[in-house]
There are 2 protein chains.
Amino acid sequence: MAATVERMGRSSRAPRRRSIKDVADLAGVSVGTVSNVLNKPALVAEETRIKVEAAIASLGFVRNGSARQLRAGTSQTVGAIVLDISNPFFTDVARGVEDRLAEDDHILILASSDDRLDKQHRYLRLLEEQGVQGVLVSPASNDLTWLDQTRARGTAVVLLDRPSPSPQICSVAVDDVKGGDLAATHLLELGHQRIGFVNGSTKIRQCADRRKGVRKALRAAGLRIADSLVETTVSALNADGGEEGLERLLRVSEPVTAIICANDLTALGVLRGLRRRRISVPEQMAVVGYDDVEFAGVLTTPLTSIRQPRYQIGRAAATLLLNEAGSRTHRHEQVLFQPELIVRESSGPPAR
Amino acid sequence: MAATVERMGRSSRAPRRRSIKDVADLAGVSVGTVSNVLNKPALVAEETRIKVEAAIASLGFVRNGSARQLRAGTSQTVGAIVLDISNPFFTDVARGVEDRLAEDDHILILASSDDRLDKQHRYLRLLEEQGVQGVLVSPASNDLTWLDQTRARGTAVVLLDRPSPSPQICSVAVDDVKGGDLAATHLLELGHQRIGFVNGSTKIRQCADRRKGVRKALRAAGLRIADSLVETTVSALNADGGEEGLERLLRVSEPVTAIICANDLTALGVLRGLRRRRISVPEQMAVVGYDDVEFAGVLTTPLTSIRQPRYQIGRAAATLLLNEAGSRTHRHEQVLFQPELIVRESSGPPAR
DNA sequence: CTGAAGCGGTGAAACCTTTCAAGAATCCGG
DNA sequence: CCGGATTCTTGAAAGGTTTCACCGCTTCAG
């Protein structure tokens, strides 16, 4: 992993950027006209426009965004603060945001708070200084006092992957209760009566909601929670956490015939542990994941999972933000997407 | 996947942002002094500083980045244009970039060109307008004429994941020839004499380089390429491509005992195909992937792969860029990282 | 006692663009 | 050929920050 420096060279850089004035001088018009060519081409005569455009091209002129923004009072940037940029969920959301912004010629400043409040605040401040039109935030804590302050200073805010606590705040999220319900109902319909649930801490909103959904489904099927659900909480929602959870579930006296996992990485660990113990999937144990990450379908045993419309979430959030930043009389909206069950080979009926 | 709007509310937003002048008035000092408090606190007397800081806090003042940048001529932003923001490789690189930039209080504007030249150029222009200190670009084509123009206008450029064609250009990349060599050498040391290679088009630089490395290793071991290497080119470097490549390799008269894959997704397809045919890994067929993506180690048969120092690549690129943008007498550097072989269970000696 | 340097702060210029009232040029019908 | 409408273009102001020459005072070395 050692880096090697191969070759070197010296640099000398250009001194000063061309300004609109340089263009005006070259084209023999005033700066106002150049500005009009740039922003309201319809106002300027064909002939003049061509002259100016030629000057722009020959100088390689590029607008100075700062001056533009300072004067016009409006910027072309939007900020997003996500919890973890390495998480494919947020990456896909970001892609949706970016695509939507591109349609309005805006660009995205993407930052990752790593679930830390201090980083979230630091980025929030930097983005405000940049004069972003607004920010999409996947909040790192339940404390939302910063939100009012930020909005009071004129920066629009849309909550990402977190339902809004108030009708005064825009948000885009997914119905995690429904997701848990879908997973459990699917297994119940296959005939399972006793289900294991490898979950994360209920302090995490997503985990708490998914748990709620699972329990709801069991009750709706007329089962007693105490008889039909074996829950285990793991500290890390990754493959190792999954193996650990599996181990605990297998030690329970009355064994489960199916396992729901809080996310696909956890499910991966469960699958790995089952394979090591030569417990076949889905014949001896059904497994359902959550997130439907890209590799879920290409595992040696393709994984049944709950899909969230990640790209659409991003698009919706961007749309809301552009709308909120754009109009003075904006109607705040709370968008709630529905998750979807993707059935693959890892789930089947329980053994006879 | 249908979205539902749950509740609504109306908005009313603040009229005007606080300026440095408001702070000065409240604190009873001049704007120059406030500016000094902000930028050179050492220059201003303790007492005055405290007064000003109190005023800033009580007004909730946030610097206007545009005005600052316009006057100071320097910004706090850096742009990055990557080929695919959904690719974990680039995500991890981005994280490295971001972390490094944070140390210097800079922020990252991240854009994805999706391998399209038009998008690359569009983003390049927008970033220039924003007045970024510089851009990290993973180029979408071999045409680098834009680079000189961009630099002539004063924007620093560092190539990402592409070795620089000239000593006048900074770049950070990984030695893909070495990576191919590592994979092949590993298999040769295990005793394999006849190896399959599922590769992408050699038009892709990474694929061409890795192929070069594989062939080099075989020659170094005294083997004839014609006898020891069976190559197959697949159109898509994903799981389906892998299955397709595997199928072709298995049809060859003199069978291979090991397979090298152009990336881990391809390897996933190969593994899946082998499993379906009940060919055991690694006993009957050894498999080596490339990239060491996160799930490589948690597959049902953990995958031997070639790791690239993604995070470090990002950090290095950011460092180079900050350096190039910062100093007038910058020495251009071409950093080449070395890949690393990660041995897991999918590779073993050939069957007797 | 003098001149220079240090201190803490001031106020105006400069950065580059957009905006807009007003002026110039052109064109039309009468 | 004129008055007036229409179409283009101009010039200057405005926007918020940083920078820098400068000011009046104190301190200190010579």
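Chain identifiers are assigned alphabetically (A, B, ...) following the order of the sequence lines, protein sequences preceding nucleic acid strands; residue numbering begins at 1 within each chain. None of the values given here were measured: they were computed from a predicted structure.
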> Measure the distance from CZ on A/Arg18 to P on C/dC16 and round it to the nearest whole Å.
12 Å

> Hey, are A/Arg125 and A/Glu128 close enough for a salt bridge, meaning a charged N less than 4.0 Å from a carboxylate O?
no

> State whether B/Ser19 places a side-chain N or O below 4.0 Å from either non-bridging phosphate oxygen (OP1 or OP2) of D/dG16.
no

> Looking at the side chain of A/Thr48, which of C/dT18, D/dC8, D/dT18 is the nearest nucleotide?
D/dC8

> Below 4.0 angstrom from OP1 or OP2 of D/dG15, is there any side-chain N or O of B/Arg17?
no

> Side chain of A/Asn39, heavy atoms from C-beta onward: which of D/dC8, D/dT19, C/dT18 has the nearest atom to it?
C/dT18

> Without decimals, in angstroms, what is the distance between A/Glu47 CD and C/dT26 C1'?
13 Å

> Looking only at side-chain atoms of B/Ala67, point me to the closest of D/dG16, D/dC8, D/dT18.
D/dG16

> Under a 4.0 Å N-O cut-off, is there an ion pair linking A/Lys51 with A/Glu47?
no

> Once you apply a heavy-atom cut-off of 4.0 Å, does A/Val34 come out as touching a base, just sugar-phosphate, or nothing?
nothing

> If you measure from the Lys or Arg side-chain nitrogens to the Asp or Glu carboxylate oxygens, is any gap between A/Asp118 and A/Arg122 under 4.0 Å?
no

> Counting only side-chain heavy atoms from C-beta out, which of C/dT19, D/dT17, C/dG11 sits nearest to B/Asn64?
D/dT17

> Look at the side chain of B/Arg71 and decide which nucleotide, out of C/dC16, D/dC8, D/dT19, has an atom nearest to it.
D/dT19

> Calculate the interatomic distance between A/Ile20 atom CD1 and C/dT19 atom P; express it in whole Å.
11 Å

> Taking the side chain of B/Leu70 as heavy atoms from C-beta outward, which of C/dC15, C/dT18, C/dG11 is closest to it?
C/dC15

> Want to settle it: does A/Val31 or A/Arg49 sit nearer the 5' end of DNA chain D, counting the closest nucleotide to each?
A/Arg49

> At less than 3.5 Å, do the side-chain atoms of B/Arg68 and the base atoms of D/dT17 form a donor-acceptor pair?
no

> Considering only C/dC16, D/dT17, D/dT10, which nucleotide approaches the side chain of B/Phe61 most closely?
D/dT17

> Is it true that A/Glu103 and A/Arg100 make a salt bridge, defined as a side-chain N closer than 4.0 Å to a carboxylate O?
yes

